[in-house]
A.B. asks: 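I have a structure I would like to understand better, so I am pasting it below and will then ask my questions one at a time.
To find a chain, count down the sequence lines: A is the first, B the second, and so on, and within it residues start at 1.
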Amino acid sequence: MELPKNYSFKDAEAKWQKAWEDLGVYRFDAKTKQPVYSCDTPPPTVSGKMHMGHAMAYSQADFIMRFHRMKGEHPFYPFGFDDNGLATERFVEKKCGVKGSRMPRPDFVKLCLRETVEAEKQLKQSWQGIGISCDWNLQYRTIDDWSMKTSQRSLLDLHKKGRLERKEAPLVICPQCQTVIAQVEMKDKELESFLNYIEVEAENGEKLQFATTRPEVLPACVGFSVNPEDQRYKHLIGKKVKIPLIDRWVPVKGDEETLPEYGTGAVYYCSYGGTDCIDWLTKHPDVKPVLVMDVSGRYNERAGKYKGMTSKEARQAVLEDLKAIGALKKQQPIKHAVNVHERCETEVEYVATKQWFIRYLDLKEKFLEAGAKLNWHPAHMKVRYDNWVKGLKWDWCVSRQRFFGVPFPIWYCAKCGEAVFADETELPVDPTASQPKAGQRCGKCRGTEFVGEKDVMDTWATSSLTPQIALKWREDEKFFGRMFPMSLRANGHDIITFWLFNTVVKSLLHEGKLPWKDVMINGYVTDPYGEKMSKSKGNVVEPNVVVERFGADALRYWAASCSLGEDLPYQEKDLVTGQKLVTKLWNAAKFCLTHLDKLEGGKPEKLAPLDAWLMGKLNQAVEAATRGFEAYEFHKPKMAADHFFWKEFCDNYLEMVKDRLYNAQAYPAEDVQSARWTLYTALLTILKLFAPLLPHVTEEIYSLYFAGKEKAESIHVSAWPEPFQEFADEKAVQAGDLAVLVVAAVRQFKSSKSLSLGAEVKRLSIDARERRLLEPLARDIQAAARAKELAFEKPAEPLQVADGLAIGVNV
RNA sequence: GGGCGCGUGGUCUAUCGGUAUGACGUCGCCUUCACACGGCGGAGGUAGUCGGUUCAAUUCCGGCCGCGCCCACCA
């Protein structure tokens, strides 16, 4: 058997990606008798291209899935696309030159659907291009009818469980752009500002001051706080103070959080000046908010003379008015961080609106317990989850004032405003385009006219259901029962607090258990200097380009080079390393196969000493690789396979066994048979160890030779190697290691004399004390050293090989 | 400001109680038979910094410095 001279990764990778798909190598079979190993991977958003971070993270998850497949488990490995939400709207608006807010929603939604289908095709190609072994028949989209149905079903279920509520909540708006903005559209900005000291009068006539950076919200002031321990003010707690300009009396509360040393130690609260104000109002429910700002970003009639102004205008006006009456006592310049709208850099405003919430703050303890039951890889990532849960202050707001998303299955009674929920049989439903089913009446006033909820759900409300979406939740109960919880979630460390946490929440609320057993958390990809890749820095490298130049196997090899959870800089040299390995594998296989035609018979009873050494080393590599993959530490299998293949197998074994293969007639038949069997077994095992990392080149070699001999049609469904316990022979390993040292010493000698490695040695002397150990390997050593004679004797000019062992080389 | 992580030869990285792994680069040598997309050999690090625990620390603990990520409108 002769392999072609060169391996073309371009041809082979394209060929195998297609063949795997055609042959259904990765197809999930619901009737399988094998234990199922399932994986919940992130659905990438369709609004972008695949980037190196994706390439790394999905490769890392794929290593694990490929390992489990070979271990004899049956993978359930679906792939999804996340295509609802703000990012997609932006993407479509930009691409088509439209504005979602300026066109009829059904038209916009239709447009988004069309564009995302197109984008998904390209993304699918990118993911296939790096050799992901998911089953594309299990593909889902977070906006398709099934996902929508699942998401709406989840909402109805939460309603039934009393977890859904509609309540007043602050919404972030940009007063400049006059629009509602999302968390992700905000950024931090260090701002030069003034801390304004304003005087108020207490009930008892006492004058005191508070300090604020936001005097403009004064018309909305409803409360006042001091620290309960603060001797200056504690006697005022429970009394009232009069806010100037609006002459409103507001209550003074005692709050631990009010720091005596900041400003004057007194603070005012407005509805709403910021999240702290909202918190304060939540803590003091007896105080009613006075909402002075509308969604337009302008003050309304409740702001009195400031009506119609924006914050910026009001700040000016309020300060002037305060100055005029002498209430502005001091202005102290300070720097502080504020949230601004990323596009126009305007400070954001908070206005109160009705929103849908999933009530879950009471379950913090449960969430912490759940987090503790998950198997985190790496373990320290759990802390991020814990800190997030402990820091939660809000229920989960799931409504968004957007267009392209999963609609709420909710109408409101046109008469009394009472919410009416869709029936589960109607799902998926768009309440803006349909009515509740016939005969439905308002539960409160018996009204028969309804208005559909216009808001759509937050994208996390749906993507937090990926296990339910993939596993046909409430559609195929038997299947779901068997498959849930899933085995593994692969997740980036940046979205532990969103995607991972939200998925845990939904799963606990719906099913009362965790969605998966294990989680593996991946890191980021940075540029060669450790900086995050971003368009604005111009340091973005595209995986498609990398695959084109170096091959998917090389890309994956790079992705395996860091430990799980670590950030990895993209360096071209690392891709070259992978490419070299692929070439080396090809060449080594080419050599082996020319000698395997004559392989006859099965496993020998006893191995030749050198072969026993190699098998001992092979066993170690197999054990290390298996342990590594089982612990999600894919870089360990990589190192084990690398080391065995490159050092032990190529550099030493092949060089030492060559003579036995080329001059077979000069050796006993059983030694030759031993060599051929070892060669076959070691090569096959090497291919298998590398198969999860380098699926293409290993499959190519396997298919050209081993597929015909072994039972599996693809290396990826062949059995993961087990150590050959019957050949575990410590003495042989020890002897082989020593023989390798002797050969290395001869090489070193030749190198130091500027001799070719092929140069003949007249006589090689090995210290007689090692005769017992090395004599069985004498012929192999002699052949590798190209020595005409080999003798166990005291060397004339000794070269130190190891402690206690010296050799002499006579050329 | 809070949390988490990281800081190892020129560059990236493994190890994580007994002076350190590998890759790339670099220098020298080697081309008849798997591979010059190669082989062999050499040089190069006292593991950010200070201090503590220990017979022994890169590895454990604490301070500091630097970097990254997540969170947070201390009015």
A.B. asks: Examine the side chains of A:Glu648 and A:Tyr653 and answer whether a donor and an acceptor come within less than 3.5 Å of each other.
C.D. replies: no
A.B. asks: Any salt bridge linking A:Arg232 with A:Asp230? Criterion: basic side-chain nitrogen under 4.0 Å from a carboxylate oxygen.
C.D. replies: yes
A.B. asks: Which whole number of Å gives the distance between the P atom of B:U21 and that of B:G63?
C.D. replies: 32 Å
A.B. asks: Report the residue (A:Ala744 or A:Ser561) whose heavy-atom-nearest nucleotide on RNA chain B is the more 5′ of the two.
C.D. replies: A:Ser561
A.B. asks: Between P on B:C73 and CD on A:Glu349, what's the gap in Å once rounded to a whole number?
C.D. replies: 14 Å
A.B. asks: Take the protein atom NZ of A:Lys382 and the nucleotide atom C1' of B:G5, then report the distance between them rounded to whole Å.
C.D. replies: 16 Å
A.B. asks: Check whether the side chain of A:Lys584 and the base of B:C35 form a donor-acceptor pair under 3.5 Å.
C.D. replies: yes
A.B. asks: Run the numbers on A:Phe644 and A:Ile686 for side-chain contact (heavy atoms from CB on, under 4.5 Å), then give the verdict.
C.D. replies: CA-CA 8 Å; A:Phe644 176 74; A:Ile686 286 163; 3.7 Å; yes
A.B. asks: Specify the separation, in whole Å, of atom CG of A:Leu757 and atom P of B:C35.
C.D. replies: 15 Å
A.B. asks: I need the NZ-P distance between A:Lys573 and B:U11, as an integer number of Å.
C.D. replies: 11 Å
A.B. asks: Regarding B:C37, can its base be found pairing with the side chain of A:Thr583 as donor and acceptor, where the two atoms are less than 3.5 Å apart?
C.D. replies: yes
A.B. asks: Roughly, in whole Å, what's the span from CG in A:Leu218 to P in B:A75?
C.D. replies: 17 Å
A.B. asks: Under 4.0 Å from OP1 or OP2 of B:G42: is there any side-chain N or O of A:Gln748 that close?
C.D. replies: yes
A.B. asks: Tell me which of A:Asn387 and A:Val348 sits closer to the 5' end of RNA chain B, going by the nucleotide each one is nearest to.
C.D. replies: A:Asn387
A.B. asks: Over how many whole Å does the gap from A:Phe649 atom CZ to B:C35 atom P extend?
C.D. replies: 15 Å
